[in-house]
Every structure is written in structure tokens, then in C-alpha cells.
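Read through the structure below, which is laid out as C-alpha cells, and then see the notes.
Positions are given from 1 along the sequence. Remember, it's 1-based here, ligands and their atoms both numbered in the order they're listed.
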Amino acid sequence: MPNVQDVASVIEEFAPISLQESYDNCGLNVGSPLMEVKAVLITLDVTEEVINEAIDLGANLIISHHPLIFGGLKSITGKSPVERTVIKAIQSDIAIYISHTNLDKTFGGVSFKMAEMLELSNTRVLSPEKNSLLKLVTFVPSSHLEKVRTAIFDAGAGQIGEYDSCGFSLLGTGTFKGSEITNPFLGKPGELHEEQEIRFETILPTRLQHKVLKALFENHPYEEVAFDLYPLNNTHPRQGLGVVGELPVPVDEKMFIEQVKKKFKAECVKSSTLQGNQVYRVAICGGSGFSLAGEAIKAGADAFITADVKYHQFFEVDKKTLLLDIGHNESEQFTKELIFDILKKKISNFAIYFSKTNTNPINYF
Ligand SMILES: [Zn+2]
């Protein structure tokens with residue numbers, strides 16, 4: 001039987017926890033990582049009703065998109081709904097695991113799932129993340145290039161778009177002189193040594209730095225491995241918030257709004273003023289994503305779908321881009337299917353349930 005940590009690892013392989021935003025609280029909110037998992041309940045939010053649902057189903061692990069504990073708890077006495085939910089979960093031996101902004105920012109995450117519902121094609125990250133790539137340069141004797149390169153690539157370096165194993169090698173002369181207490185792989189202690197070496201360079205996501213360097217050190221033959229890590233100004237094309245893609249065919253604004261309402265089962269949506277434009281390219285950010293409106297306009301999106309848009313923000317969008325607020329819960333409802341798909345591919349020996357509790361705190365009348 002897999003334990004909580006095993007299940008968490010499956011999710012984190014798809015959505016590494018290091019991707020979460022600094023304000024977030026992803027990972028295990030309640031429970032022991034070592035507890036055996038009997039069944040899983042997937043939800044967008046954790047409430048007392050959701051805990052009751054888990055108890056009824058015999059599910060002892062709840063996987064939620066939104067954290068139950070966000071800003072920390074100073075006491076747990078049951079004075080707030082969050083505290084009561086934590087107490088109920090602990091008393092019922094139920095663990096609560098969160099995959100939030102890491103699931104938003106990973107390639108194929110929350111907004112990609114929304115794009116799939118709208119049948120967008122050629123989908124790409126709307127706001128590729130900055131400062132998340134490094135260049136690694138190392139110097140290897142030619143006899144060990146293949147071994148070192150393979151290990152580094154296996155650790156996740158060298159990925160550029162749909163290409164992996166991207167690297168560059170250049171032959172040159174390295175020099176070194178070890179002190180008397182060294183045990184050099186080539187040459188003798190205290191003597192200057194010249195060696196034909198390959199300067200090998202590749203690219204890697206910052207979050208894999210530790211893993212890639214470990215692979216380098218374990219496979220490079222020298223006592224002291226010479227290497228440089230450079231921060232890059234490149235954006236990471238497969239990491240970031242939002243998505244942009246194209247509809248199967250252009251449609252007029254009214255028809256587009258109707259399609260969106262139907263696909264997202266939204267009773268009503270808030271829209272900027274219709275301009276009589278056709279909608280073909282669509283940008284999306286699940287949840288509160290108005291901060292990406294500028295990126296949507298820059299990407300030439302005819303429409304931008306998100307949630308939690310304020311009154312004044314509707315004035316800020318270009319007339320070329322139709323702004324739609326479809327509701328936070330509505331925008332992220334398919335995240336449950338996304339989590340289910342991630343788990344189902346790797347784990348088959350316990351039941352996975354979708355929560356039927358309506359946790360949307362907003363009602364329409
Ligand atoms: Zn959200």
C-alpha cells in the first residue's frame with residue numbers, strides 16, 4: 001500500500017513543490033507522510049463538509065488545490081472554520097495534501113486543463129517564468145565526456161522545448177597542479193599537468209540545480225570538479241502562469257461567451273464591453289489571474305479568461321481583448337480531473353474519488 005509521501009511524490013513529479021509562490025503553503029497541511037493511504041478524495045477546497053465526505057467514503061487522504069492552512073495558525077481551538085476543519089481531520093486520521101500554485105505554474109497544469117476544455121490548440125505558457133534557468137559549464141577529460149553528459153541529461157538538464165539532451169562541447173587544454181596531499185586522477189601531486197579536456201555546457205532549470213550537480217560530481221573522475229553556474233535572463237518556456245492558444249475556428253464574441261458559460265457550467269460571467277470582434281486566440285489564467293492581462297494583450301489574445309476581476313480592472317484592458325471573469329471556483333473546477341489524471345497514470349491500488357461537496361463560497365441569485 002502506498003503511503004501519503006508516495007502519493008505526494010507522484011504529484012510533485014508533475015508539479016514540483018519548488019514552483020510554488022512564496023506566499024503559498026503547498027504540500028502536506030495535515031497528517032503524517034508515513035500513513036498508508038486507503039483511498040483519496042480530490043477537492044478544490046477543504047471544508048468540514050469535505051472531511052465528512054471523506055469519512056463516509058473511507059478516504060484518509062484529501063488532495064486539495066487550495067491550501068486549508070494559508071497564513072499559519074497560532075492556536076487550534078475551533079474558533080474558526082479552518083481550525084474546526086483541522087481538528088476534525090486530525091481526529092479522523094485524515095491527511096490533507098495541497099497542490100496549488102505549483103500546479104498552476106507547471107507545464108500542463110491548471111490553465112492548460114482549462115484550455116483543453118475549450119479545445120484550444122498550439123497551447124503555450126502565457127507568462128513564462130523569469131530567473132528560473134541556469135547555464136552549467138564543466139570541463140571533462142574526453143574519456144569521460146559521454147558518462148558525465150549522460151548523467152547530467154538524465155538528471156533533467158539539456159531540455160529546450162520539445163528537445164532534450166541539448167548541450168555543446170568544445171575541445172581545449174586544461175591545466176592544474178594539485179598540492180602534495182592530493183590524489184589526482186591524472187598527473188602527479190605538486191606537478192603542473194596539461195590535459196586535453198572538453199568544455200561541456202548545457203542549460204537546466206534552477207530547481208534541478210542540486211540534482212544535476214550531484215550527477216556531475218558522481219560521474220566526473222576528478223577530485224575537484226571545475227564547473228561554473230551562470231544565471232540566465234532567458235524565460236523558461238515550460239514554466240509559468242497562464243496559457244494561450246487558438247480556438248478551432250474564430251467565433252463572434254457573443255457565441256464565445258455562450259461557449260465558455262456552457263463549458264465551465266457558469267451561471268453568469270462578467271465581461272468587458274463587447275466590441276464586435278471575432279475571438280480566435282484565447283489567453284487563460286485559472287483563479288485570480290488579472291495580473292496577467294498585460295501578457296494576454298501582448299500575446300495578441302482576442303479574449304482573456306480569468307476570475308476575481310475588480311470593477312476598475314475592467315477599464316484597464318485593451319478594446320482588442322475581451323476580458324471575461326468566469327468565477328474562481330468555476331475556472332478551476334477541472335483541476336480535480338487534472339489531479340485524478342496525474343494519480344491514475346501511476347497508482348492503481350486504491351480508490352480515487354471526486355468530492356461532490358459544492359465548496360464554492362459564492363452563490364448567484
Ligand atoms: Zn484558486
List the steps and the verdict of ring-ring contact (aromatic ring centres under 6.0 Å, His included) for Tyr222 and Phe139.
-> CA-CA 10 Å; Tyr222 288 1; Phe139 306 87; over 10 Å; no

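- Between the side chains of Glu201 and Tyr230, not a single donor N or O lies within less than 3.5 Å of an accepting N or O.
- The main-chain N or O of Lys38 is found under 3.5 Å from a side-chain atom of Asn60 such that the two form a donor-acceptor pair.
- For residues 228-245, every residue pair satisfying the salt bridge (charged side-chain N to carboxylate O under 4.0 Å, His left out) rule, not counting sequence neighbours, is listed here: Glu162-Arg238.
- Around the Zn ion (ligand 1), the protein atoms of type N, O or S found under 2.8 Å away are His66 NE2, His328 NE2, Glu332 OE1, Glu332 OE2, listed by chain and number.
- Remark: the backbone N or O of Gly276 is paired with a side-chain donor or acceptor of Glu253 at under 3.5 angstrom.
- Counting only N and O atoms by type, the side chains of Thr173 and Glu194 include no donor and acceptor under 3.5 Å apart.
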